[in-house]
Amino acid sequence: MLKTIFIILSLFFTLAQAKELDKVSLQLKWKYQFQFAGFIVAKEKGFYKDVGLDVNIQEHNSSIDTFKDMQEGKIQFGVSDSALILESIKGTPIVGHPTCISNISICIDE
């Protein structure tokens, strides 16, 4: 009897702690490639789930207008470039989060 009560209580507390994940979409600015590895690895390792997010990572598609889709609520996050500045100048209500930019030096020895 005590064992049954313990199992029921354990199950109850486990279910009480399990929360539904918030579904969000991340629109990449290009196809899957190394520059997006951080996003992809974070999903694979479960880092987004650890903070309550179910992230859908979407590859670039030329028929998608990232800024329009964000305004319409179809996607919540997007990776962009200097086009973000142009959209901001146009008055698009969008928030940008800058990242560190690094250049890869390539040296060709002849």
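Remember, it's a predicted structure, so these values are computed and weren't measured experimentally.
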Side-chain polar contacts of residues 33-44 - donor-acceptor pairs under 3.5 angstrom, sequence neighbours left out - could you list them?
| unit_1 | atom_1 | unit_2 | atom_2 | d |
| --- | --- | --- | --- | --- |
| Gln33 | NE2 | Gln35 | OE1 | 2.5 |
| Lys43 | NZ | Val55 | O | 2.8 |

note = For Leu86, the hydrophobic cluster (side chain heavy atoms closer than 4.5 Å, chained through members) also holds none
ask   = What's the spacing between Leu28 CG and Gln58 CD if we round to 0.5 Å?
value = 8.5 Å
query = For the hydrophobic clusters of this structure (ILVMFWY residues joined by side-chain heavy atoms under 4.5 Å, transitively), does one cluster hold both Met70 and Val24?
reply = no
ask   = Tell me, which pairs form a ring-ring contact (aromatic ring centres under 6.0 Å, His included) where one or both residues lie in residues 49-73, sequence neighbours left out?
value = Trp30-His60
request  = Among residues two or more places apart or on two chains, list those pairs meeting salt bridge (charged side-chain N to carboxylate O under 4.0 Å, His left out) that have a residue in residues 53-65.
outcome  = Lys23-Asp54
message = According to salt bridge (charged side-chain N to carboxylate O under 4.0 Å, His left out), does anything in residues 25-36 pair up with another residue at least two apart or in another chain? List the pairs.
response = none
ask   = In chain order, what residues pass the side-chain contact (heavy atoms from CB on, under 4.5 Å) check against Asp50, with sequence neighbours excluded?
value = Phe47
Sequence neighbours left out, cut at 3.5 Å: what donor-acceptor pairs do the side chains of residues 73-80 make with other protein atoms?
| unit_1 | atom_1 | unit_2 | atom_2 | d |
| --- | --- | --- | --- | --- |
| Lys74 | NZ | Glu72 | OE1 | 3.1 |
| Gln76 | OE1 | Ser25 | N | 2.7 |
| Gln76 | NE2 | Gly73 | O | 3.3 |

Pairs of donor and acceptor atoms involving the side chains of residues 87-95, under 3.5 Å and at least two apart or interchain, shall be tabulated with distances.
| unit_1 | atom_1 | unit_2 | atom_2 | d |
| --- | --- | --- | --- | --- |
| Glu87 | OE1 | Thr92 | OG1 | 2.9 |
| Glu87 | OE2 | Lys90 | NZ | 3.3 |
| Thr92 | OG1 | Glu87 | O | 3.2 |

request  = For the pair Tyr48 and Leu21, evaluate side chain to side chain contact (heavy atoms under 4.5 Å, CB included) and give the outcome as yes or no after the intermediate values.
outcome  = CA-CA 9 Å; Tyr48 296 130; Leu21 299 175; over 6 Å; no
